[in-house]
There are 2 protein chains.
Amino acid sequence: MPESRRPRLVDVAERAGVSPRTVSNVLHNHPHIRDSTRKKVEEALVALDYRVNLSARALAGRNTGFIALVIPVLDNPYFSSLAAHVIEACAARDWTVLIEQTSAQEDRERNAVFGPASRLVDGVILQLDSIPEEELSRRFSHSSLVLIGEEASAAWADHVAVDNVSAAREATEHVLALGRRRIATAGILPSGLNTTSELRYRGVWQAMEAAGVSLRTDYLLEVGNFRRPDGADAAERLLRLDVLPDALICYNDLIASGMLAKLREAGVSVPEDIAIVGFDDNEESQYQAPPLTTIAWDLGAIAQRCVEQLVERSQPGGDSRPPARTFVGHELIVRESTVSTRP
Amino acid sequence: MPESRRPRLVDVAERAGVSPRTVSNVLHNHPHIRDSTRKKVEEALVALDYRVNLSARALAGRNTGFIALVIPVLDNPYFSSLAAHVIEACAARDWTVLIEQTSAQEDRERNAVFGPASRLVDGVILQLDSIPEEELSRRFSHSSLVLIGEEASAAWADHVAVDNVSAAREATEHVLALGRRRIATAGILPSGLNTTSELRYRGVWQAMEAAGVSLRTDYLLEVGNFRRPDGADAAERLLRLDVLPDALICYNDLIASGMLAKLREAGVSVPEDIAIVGFDDNEESQYQAPPLTTIAWDLGAIAQRCVEQLVERSQPGGDSRPPARTFVGHELIVRESTVSTRP
DNA sequence: GGCAAGACTTGCAGCGCTGCAATATGATGT
DNA sequence: ACATCATATTGCAGCGCTGCAAGTCTTGCC
């Protein structure tokens, strides 16, 4: 087989008997093209099996067709599901998504947002983790940025806001309404740097305060991370206490899953002995034994809004628009880990 | 703030008092550069906060620094975990990973492999799903391709092979060894197009045949997909049968998870009444009630090998190397869904 | 002191495409 | 038939970088 080079725009143009620019116009659905011309070009396109060189297009043109999604980890159902939704939303617009996995390391997050790849993308969707907002706002200028996070943050960038404090408050109120008073909470990070953890704690605290129930310090369970083994660890510490709590707010479903498994092993019954609430509504949570009460975010809506905001920014004049803020709601999904259906 | 353009190589060169080519050499760790020169350049690099334009580099140079990972879906723990591993392996080499999610649709898979984005990448890692191998081998030529899949396939491309047939056989032999004889299997796809499903079925069949046990057709459970709800559906059909099986081979852990939940609900005990085996060893599987016996693949090794093979191919002379084949083993992890630890 | 063999640096061309603005062609009205 | 407008097509320059090959400067050694 001859080592033939890939066809270029000029090759297509030559074959179709038009100028390269016309071929480009056809590819971009330029409004004024005679049908006969379009037909000729399209035939040549097919005959040569032409595929545009995205590097060249990006270099010459205004935008690249890439956006970056910067998240801590991919093998967490919350983020992989978010990523799947973002990819779907982008596919509809012929955008390609670069997923940058930071492993929650600040230097990697910084590299994702400021490094070479950031030059390549038309926009960035960032689940803000450790970069200080102040630094972001100072250095970010070259493309659009959508933050996923708190209502409180960022009056300087578009963002899609979720309300962790309210969500945590509602979760806690739910178990309080069930009559539970010895409430423990799992998901405090020792570093205190992670906003999500802090805000969920704050919500729990608010609900307790409002109900006049005290929060025992030995019921504040630290975790190294937000994964299942961290939940299991926390459960072991919990089981060593003299008095077990009667309710447990876990800051995500993975922690809850780890706790659930260990408690089951120890013969603690859920929800009779301990009611458990999680966050995120991972699909697996409804298949747990017992199915897990949890806070559900509308990930589809979050992804959709992020992409829409990127679209709006990239529209002519979108640059000068004031930062937009969208609130995406949440919902407490009550399942058997807090409310038994057994007789 | 003035709308200053991003600094280019020439700007750095000017500031450092050298030629653009020298700056490029510094960036590429060219061997012969005087320390004093390097120092000047690096200072200018920092002062201007220079970041290379990847589009330009890709256009001018030999490679792009991108590879594509083409998988059916991202919100399946097997694939998100694989993706996470691939991203890690690539990060070490300053490669960026484009994840193409095909939703198991043939046209999207084809677009991912042959479409514009494929022109951009130095290599492709493909979990082959529906594109016929013959078509792939005929059309794929412009960059390196690593297939993840069966030993049987592809003598024309590099691939990292797993052995689904043996794995399924071992899983089945395991339950046979436990004395189970009424063995059901869940994960048959109606289309029959999906290789994985077929191969796992074949393994089950081989083990049954070898043991002289017959496979009842009403124990062959079809699924629409490999997700939890599909498992739950299958479980409902299973529960309507007169005689329940005493063992169940599910073609992935998600199906097993869905089945487990429904069986639990129906009061069927696992493993006493039915022993269950899954595939993939998702992290969640060890947290199930009961923890799930499953086939574990070494995803880290798969990702590692895929990336290594891409590296080897992109080395000078790598082009002409014969296709390499690496086998990645599997392991049956026995947990309580088949072997009870209860007294 | 002269010359080869490094060590170090550079100029040039061009990757393949698109923005821009100009031109060519056709349709319409008078 | 000719100006006018809308439709349709084009040429040119250049995006920012790297491959290549050729250049210049050092150094060591006879």
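Residue numbers begin at 1 in each chain, while the letters A, B, ... track the order of the sequences.
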Output all residues satisfying side-chain contact (heavy atoms from CB on, under 4.5 Å) with A:Asp298, sequence neighbours left out; order by chain, then residue number.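 By the side-chain contact (heavy atoms from CB on, under 4.5 Å) rule, A:Asp298 matches A:Ala301, A:Val328.
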So does B:Ala13 get a backbone contact from the side chain of B:Ser19, meaning a donor-acceptor N/O pair under 3.5 Å?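 No; zero donor-acceptor contacts below 3.5 Å.
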Do side-chain atoms of B:Asp158 reach the backbone of B:Ala324 as a donor and acceptor pair under 3.5 angstrom?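 Checking the backbone N and O of B:Ala324 against the side chain of B:Asp158, a donor-acceptor pair under 3.5 Å is found.
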Taking any atom closer than 4.0 angstrom to a non-hydrogen atom of chain B, what span of DNA chain C does the protein reach, first nucleotide to last?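 On DNA chain C, the outermost contacted nucleotides are C:dA7 to C:dG16.
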Touch check for A:Leu9, heavy atoms < 4.0 angstrom, all strands: base, sugar-phosphate only, or nothing?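 Base, at least one base atom sits under 4.0 Å.
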What contact category does B:Thr37 fall into here, base, sugar-phosphate, or nothing, at under 4.0 angstrom with non-hydrogen atoms?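 If one applies the 4.0 Å heavy-atom cut-off, B:Thr37 turns out to touch the sugar-phosphate alone, with no base involved.
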Any side-chain heavy atom of B:Ile125 within less than 4.5 Å of one from B:Val160?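 Answer no - side chains too far apart.
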With a 4.5 Å cut-off on side-chain heavy atoms, are B:Val52 and B:Tyr50 touching?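 A side-chain contact exists here, since the closest heavy-atom pair is under 4.5 Å.
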How many whole angstroms separate atom NZ of A:Lys40 from atom C1' of D:dA8?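 Rounded to the whole Å, the gap is 12 Å.
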Quickly work out the B:Arg34 CZ to D:dC25 P distance and round it to whole Å.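 Rounded to whole Å, this separation is 10 Å.
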Side-chain donor-acceptor pair present, B:Asp75, A:Ser80, cut-off under 3.5 Å: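 Per modelled atom types, B:Asp75 and A:Ser80 side chains form no pair under 3.5 Å.
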Work out how much the helix from C:dG1-D:dC30 to C:dT30-D:dA1 bends between its end axes, five pairs an end, to the nearest 10 degrees.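 Terminal axis comparison yields 40°.
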Not counting sequence neighbours, which residues clear salt bridge (charged side-chain N to carboxylate O under 4.0 Å, His left out) with B:Arg15? List them please.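 Once residues adjacent in sequence are excluded, B:Arg15 has no partner under the salt bridge (charged side-chain N to carboxylate O under 4.0 Å, His left out) criterion.
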Along DNA chain C (nearest heavy atom to each residue), the more 5'-positioned of B:Gly61 and B:Asp35: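 It is B:Asp35, whose closest nucleotide lies nearer the 5' terminus.
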If each of B:Ser36 and B:Ala60 is mapped to the nucleotide of DNA chain C with the nearest heavy atom, which maps nearer the 5' terminus, i.e. the 5' end?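 The 5'-side residue here is B:Ser36.
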Contact list for DNA chain D against residues 18-30 of chain A - heavy-atom distance below 4.0 Å: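 A:Val18, A:Ser19, A:Arg21, A:Thr22, A:Asn25, A:His30 - these, ordered by number, are the residues of the stretch whose heavy atoms sit under 4.0 Å from the strand.
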Taking everything shown except A:Glu308 itself, do over 12 heavy atoms lie less than 6.0 Å from its CD?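 Enclosed.
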Taking all heavy atoms of A:Cys90 and all of A:Val307, pick out the closest pair and write down the distance.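 Taking A:Cys90 first and A:Val307 second, the nearest heavy atoms are SG-CG2, 3.8 Å.
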Scan for salt bridge (Lys or Arg N to Asp or Glu O under 4.0 Å) pairs involving residues 57-67 of chain B, sequence neighbours excluded, and state none if there are none.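 Applying salt bridge (Lys or Arg N to Asp or Glu O under 4.0 Å) to every pair that reaches into residues 57-67 of chain B, excluding sequence neighbours, yields nothing.
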Working note: A:Glu14 + A:Arg8, criterion salt bridge (Lys or Arg N to Asp or Glu O under 4.0 Å); need CA distance, chi angles, decisive distance, verdict. CA-CA 10 Å; A:Glu14 194 174 351; A:Arg8 296 155 303 161; over 6 Å; no
